[in-house]
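All chains are named by letter (A, B, ...) in the order of the sequence lines, taking the proteins before the strands, and each is independently numbered beginning at 1. Every heavy atom of this structure was used, including side-chain atoms; hydrogens, water molecules and symmetry mates were not.
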There are 2 protein chains.
Amino acid sequence: MRIALAQINTAVGDLDGNRALVLKNLHEAESMGADLVCFPELALCGYPPEDLLLKRDFLAGCSRSLQVLAHEVGETAVLVGTIDLCEDLFNAAAVIHCGEVIAMYHKHFLPNYGVFDENRYFAAGDEGLVIEVAGVRVGVTVCEDIWYPGGPVESEVAFGGAELVVNLSSSPYHRGKHRVRESLLQARAADSTAIVAYVNCVGGQDELVFDGGSMILHPRRGRLASSPHFVEHILHCDVDTTGLWAQRMAKPIHRYMRQGALRRPTRVLELDGQESPPAGGRPPLNIQDIAALQDEEEVLQALLMGLRDYVRKNGFQDVLFGLSGGIDSSLVAVLAASALGPSRVHAVFMPSRFTSAVSREGVESLAGALEISLENYDIDEILHSYLDQAGPSLEGPGGDVALENLQARIRGNILMNVSNSRGWLVLATGNKSEFSMGYSTLYGDMAGGYAMIKDLLKSEVYRLARFINEREGKEVIPAVILEREPSAELREDQRDSDSLPPYKLLDPILEDYIENGLTIDEMESKGYDRGLVEDVISRVDANEYKRRQAPVGIKITPRAFGRDWRLPISVHRPPRGS
Amino acid sequence: MRIALAQINTAVGDLDGNRALVLKNLHEAESMGADLVCFPELALCGYPPEDLLLKRDFLAGCSRSLQVLAHEVGETAVLVGTIDLCEDLFNAAAVIHCGEVIAMYHKHFLPNYGVFDENRYFAAGDEGLVIEVAGVRVGVTVCEDIWYPGGPVESEVAFGGAELVVNLSSSPYHRGKHRVRESLLQARAADSTAIVAYVNCVGGQDELVFDGGSMILHPRRGRLASSPHFVEHILHCDVDTTGLWAQRMAKPIHRYMRQGALRRPTRVLELDGQESPPAGGRPPLNIQDIAALQDEEEVLQALLMGLRDYVRKNGFQDVLFGLSGGIDSSLVAVLAASALGPSRVHAVFMPSRFTSAVSREGVESLAGALEISLENYDIDEILHSYLDQAGPSLEGPGGDVALENLQARIRGNILMNVSNSRGWLVLATGNKSEFSMGYSTLYGDMAGGYAMIKDLLKSEVYRLARFINEREGKEVIPAVILEREPSAELREDQRDSDSLPPYKLLDPILEDYIENGLTIDEMESKGYDRGLVEDVISRVDANEYKRRQAPVGIKITPRAFGRDWRLPISVHRPPRGS
């Protein structure tokens with residue numbers, strides 16, 4: 001039995017486009033003699049559709065699209081993620097064969113943590129589904145269903161005799177997640193003595209990136225084949241179930257699973273006319289097994305795909321940003337030029353009297369080397385005009401801070417001028433350390449439509465910049481930018497370290513607080529200074545109001561400032577030491 | 001049996017303050033001879049705590065706070081909403097008596113729609129709880145539990161003999177919701193032939209306002225007593241269950257309920273030493289039954305409480321905003337002066353050459369009448385400075401729009417100058433019609449920490465302004481402001497109607513699309529022009545990116561642009577007519 005896993009890049013809401021993409025991949029798989037072609041979770045509507053699922057006409061459109069698709073499907077069976085609106089709304093896998101939707105499987109386990117809100121939309125399924133394709137019994141599951149023991153995988157194996165379990169996923173990327181996934185899927189394959197075929201989507205959607213990495217795992221032989229990350233791909237594989245039955249009979253776990261598993265009703269459907277291989281045989285396969293990406297390369301690819309898809313899916317051609325001569329905007333420049341090509345990338349340098357010669361040199365050399373356009377606007381005169389015309393607005397105990405923020409806001413205005421007049425997308429260049437601590441100006445350097453590195457701590461920004469230089473074997477990001485001390489250059493001799501702990505102390509605390517959820521006590525016992533930890537946490541908490549108005553950006557860590565971070569703004573904060 | 005319902009205004013995260021507030025109310029109820037005092041859902045931690053519930057030390061603090069509270073509780077029993085962290089995390093009602101937490105009830109139905117995300121945090125309970133207090137059997141429920149038939153109310157009545165069902169709620173306000181609540185609670189009382197005692201919280205928390213309106217309903221006699229809306233209050237009532245038993249025996253519904261209800265285990269606990277009334281009797285009660293507020297009065301009170309609490313709970317003293325002479329900022333001025341007192345309210349007038357004499361007069365007369373401070377900054381010179389120094393940034397096909405937006409952003413900057421230098425909160429003054437259509441400038445008129453009227457359509461802004469004038473019997477909002485044609489005054493002779501359909505056509509479409517979820521077909525069949533509807537919807541959808549960076553504001557409608565509106569930014573939009 002030949003299976004194809006189609007790792008595609010759909011667009012949320014593009015019902016016609018997604019269906020066309022499914023068909024294109026189906027035809028390619030057919031030409032390779034596939035018996036079964038599998039597509040990701042909710043491929044027909046794009047993932048995650050969020051509150052589009054509350055719109056009646058959107059749901060009707062999804063249902064129509066599935067019917068249209070079915071008419072195009074012949075002998076090669078299709079498993080595709082879609083919604084099913086019947087007695088309630090389900091996150092479903094449709095089985096299509098010979099022009100008809102012959103079965104619908106309903107996802108059992110609905111994730112409602114992290115970035116997920118599936119209980120908001122869907123009812124949970126409670127039936128297993130096994131289809132027999134070319135003599136192989138195939139269990140059907142959707143994403144989360146395979147993450148838990150005791151779920152439909154066990155029912156389908158125990159009561160439906162599944163030897164291959166297909167999992168349709170749309171699993172958002174975070175750093176290193178593919179390793180977690182593979183070990184989980186391998187464990188599920190081993191427990192159930194079944195081959196697992198996992199198909200994931202790729203692409204960027206608002207704050208999420210999907211990294212693909214579809215794979216086929218054998219309970220004993222491990223990974224049989226896998227797709228690359230961050231690109232569309234069809235993974236073909238001939239599934240050989242020889243020996244699985246005997247292994248099961250020899251292992252007591254199957255008898256216990258059968259006793260222990262929740263006895264979910266499990267339908268078994270045999271597809272007609274699939275017993276014999278096609279006349280003339282099938283084209284030979286060149287089985288692919290792609291090595292995983294190294295950590296920084298993986299992050300780099302995620303950022304490039306995230307930006308590229310945000311730009312494309314929102315109908316932009318060009319992007320712009322303020323290039324300051326600092327590391328953050330320099331990294332953004334390099335990433336944008338790489339993602340979109342330099343002709344679509346525009347830097348704006350907006351010096352003031354506090355801007356150093358080093359900054360100017362860095363900006364000019366970087367823009368020149370990247371061959372991106374560079375505009376220059378000096379902001380001093382504009383600043384003076386505010387002082388002349390609205391001087392009293394800057395008077396008060398926070399006058400110095402107000403003056404610094406105003407410079408950042410003048411720059412934000414100029415970027416928005418360009419954006420509004422020319423239709424280009426503004427990239428905000430802030431990093432996660434800044435967003436965490438509120439070391440950024442609302443409507444100033446936070447202005448923009450997409451904050452592509454907002455989920456990278458400052459030290460990760462440096463690490464990625466150095467990685468890019470090493471990978472390219474040259475100073476893509478000039479050494480002068482990498483080696484200078486970080487400064488916002490909003491007053492004379494300003495340094496980030498005037499307002500923040502050194503990043504090498506700060507970033508581990510931020511990571512432990514935000515991503516790892518450690519308490520102050522736990523951090524103290526790890527050896528951090530308690531006072532420092534309390535200071536940092538109190539600043540992170542107090543700056544929620546800024547983050548709430550921040551642009552979306554690409555999730556890189558297990559906990560980004562996006563859908564997976566839902567803190568109140570109004571929170572009583574106990575005095576220190578309490 | 002004497003019950004007290006304590007409708008209190010807690011603060012999210014203020015464990016000590018909330019406990020002190022509970023104790024203060026407990027002591028007051030004790031002095032009135034209460035046998036049982038009931039507090040709202042999650043009163044000890046404040047509602048909604050959102051992702052604070054993912055913090056281990058926060059949960060530990062909540063558990064400690066409950067134990068500390070228990071030590072202060074004597075003969076008068078307490079029912080208080082809190083979390084229960086045992087084998088999992090539950091949204092719970094703690095029963096406290098004589099120094100001890102004697103039982104925990106776990107909420108069964110976890111809302112996960114609209115603004116709610118309770119599946120993200122809590123496990124669902126599956127046991128009923130009935131406590132016998134001074135001879136009356138009291139069923140315990142939390143919020144959503146009483147909204148569905150077939151839930152714990154029926155189990156507690158059928159298997160625990162409850163004659164009084166207490167419901168601890170933290171039910172967010174939207175316009176007219178109290179009527180829905182009362183009819184629902186009355187139906188539940190009638191179905192179960194039980195008295196229902198409903199206690200809700202009051203106060204503002206970010207985008208939500210809680211409106212109180214606690215009440216006691218009798219299955220036959222209807223509302224026995226009720227609390228006012230939007231203020232803290234203790235509702236005392238002597239519960240008389242006479243006749244309920246006989247009514248149940250005479251009604252077949254109870255036998256069917258017993259057969260039909262899910263047989264949830266239901267604990268019955270008798271509290272010691274509560275059979276006899278206290279020596280010396282109890283003070284007499286003056287039973288309160290407060291008439292509901294009229295629609296506009298209700299909205300007004302919600303806005304005032306929302307603003308007052310946002311300011312207080314975030315540690316601000318003063319607020320400021322741009323006063324333009326238009327209806328939106330004028331209404332905000334009136335509301336802010338009323339909520340906070342005029343000495344804490346500061347208007348900033350920022351005219352340009354496009355500002356009309358009418359605007360200037362309106363601003364001066366309103367600020368004078370309200371006795372709020374008024375600063376003036378002319379923005380023309382600053383605008384010229386941008387043109388001189390950054391002219392090319394404004395060149396392009398969208399140059400005219402860019403120039404309009406820049407004016408709004410200069411104003412936004414000046415407001416932020418004042419905010420940063422003096423520590424005052426900026427109020428954004430946009431309305432829901434503008435937020436819907438994107439008829440507003442990011443970082444310009446959208447700048448601010450709190451957008452208090454963002455959930456009022458333009459026509460509702462007018463309605464509320466007229467209501468205020470009628471209520472006060474004078475032109476609080478000058479007629480000249482109410483009667484002029486709406487204009488952003490960003491270019492010569494500009495009118496809102498240049499860019500938007502007339503509000504009397506636009507607002508009903510927005511309401512049907514956003515709040516009522518109607519499809520284009522449904523709206524056409526209501527008589528709207530199809531082309532107009534398509535235009536409006538496409539603009540609403542396309543401006544999601546702006547709303548995502550908007551300040552929070554007060555939810556007034558069943559569907560506000562906040563936690564209950566989760567649309568993707570990147571959505572493929574089909575060409576018109578498809």
Flag the one option from B:P392, B:G412, B:G46 with the top tally of heavy-atom pairs under 4.5 Å to chain A. B:P392
Under 3.5 Å donor-acceptor, A:S421 side chain and A:N417 backbone: yes
Donor-acceptor check, side chain of A:R56 to backbone of B:G517, threshold 3.5 angstrom: yes or no? no
Looking only at A:D57, A:V571, A:L442, A:I569, most heavy-atom pairs under 4.5 Å shared with chain B are made by A:I569
Of the backbone (N, CA, C, O) and the side chain (C-beta and beyond), which part of A:Y386 lies under 4.5 Å from a heavy atom of chain B, both, or neither? both
Tell me whether A:R547 forms a cation-pi arrangement with A:F561, defined as NZ or CZ under 6.0 Å from the six-membered ring centre and within 45 degrees of its axis. yes
With chain A, which of B:A542, B:G114, B:P111, B:A11 has the greatest number of heavy-atom pairs at distances under 4.5 Å? B:G114
Looking at B:K546, B:E395, B:E375, which has the largest count of heavy-atom pairs under 4.5 Å with chain A? B:E395
Which heavy atom in A:V209 sits nearest to a heavy atom in A:G306, and how many Å separate them? CG2-CA, 3.6 Å
Engaged part of A:E381 at the chain B interface, taking heavy atoms whose separation is under 4.5 Å: both
Can you tell which part of A:Y513 gets under 4.5 Å to a heavy atom of chain B, answering side chain, backbone, both or neither? side chain
Among B:A550, B:P551, B:G449, B:G423, which residue has the highest count of heavy-atom pairs closer than 4.5 Å to chain A? B:P551
Proximity of residues 308-318 of chain B to chain A, residues having a non-hydrogen atom under 4.5 angstrom: B:Y310, B:K313, B:N314
Under a 4.5 Å heavy-atom cut-off, does chain B meet the side chain of A:A390, its backbone, both or neither? both
Heavy-atom proximity to chain B below 4.5 Å, by part of A:R559: side chain
Just so I understand: if I count every heavy-atom pair under 4.5 Å between each of B:R548, B:R566, B:E50 and chain A, which residue has the most? B:R566
Region of A:E522 in contact with chain B, defined by heavy-atom distances below 4.5 Å: side chain
Residues which pass side-chain contact (heavy atoms from CB on, under 4.5 Å) with A:V401, listed by chain and number, not counting sequence neighbours: A:N405
Relative to chain B, which segment of A:V552 carries a heavy atom at a distance below 4.5 Å: side chain, backbone, both, or neither? side chain
Would you sort out whether A:D14 and A:R19 count as a salt bridge (charged side-chain N to carboxylate O under 4.0 Å, His left out), showing the intermediate values? CA-CA 8 Å; A:D14 188 7; A:R19 191 178 61 247; over 6 Å; no
Check each atom of A:I410 against the heavy atoms of chain B and say whether the ones under 4.5 Å are side chain, backbone, both or neither. both
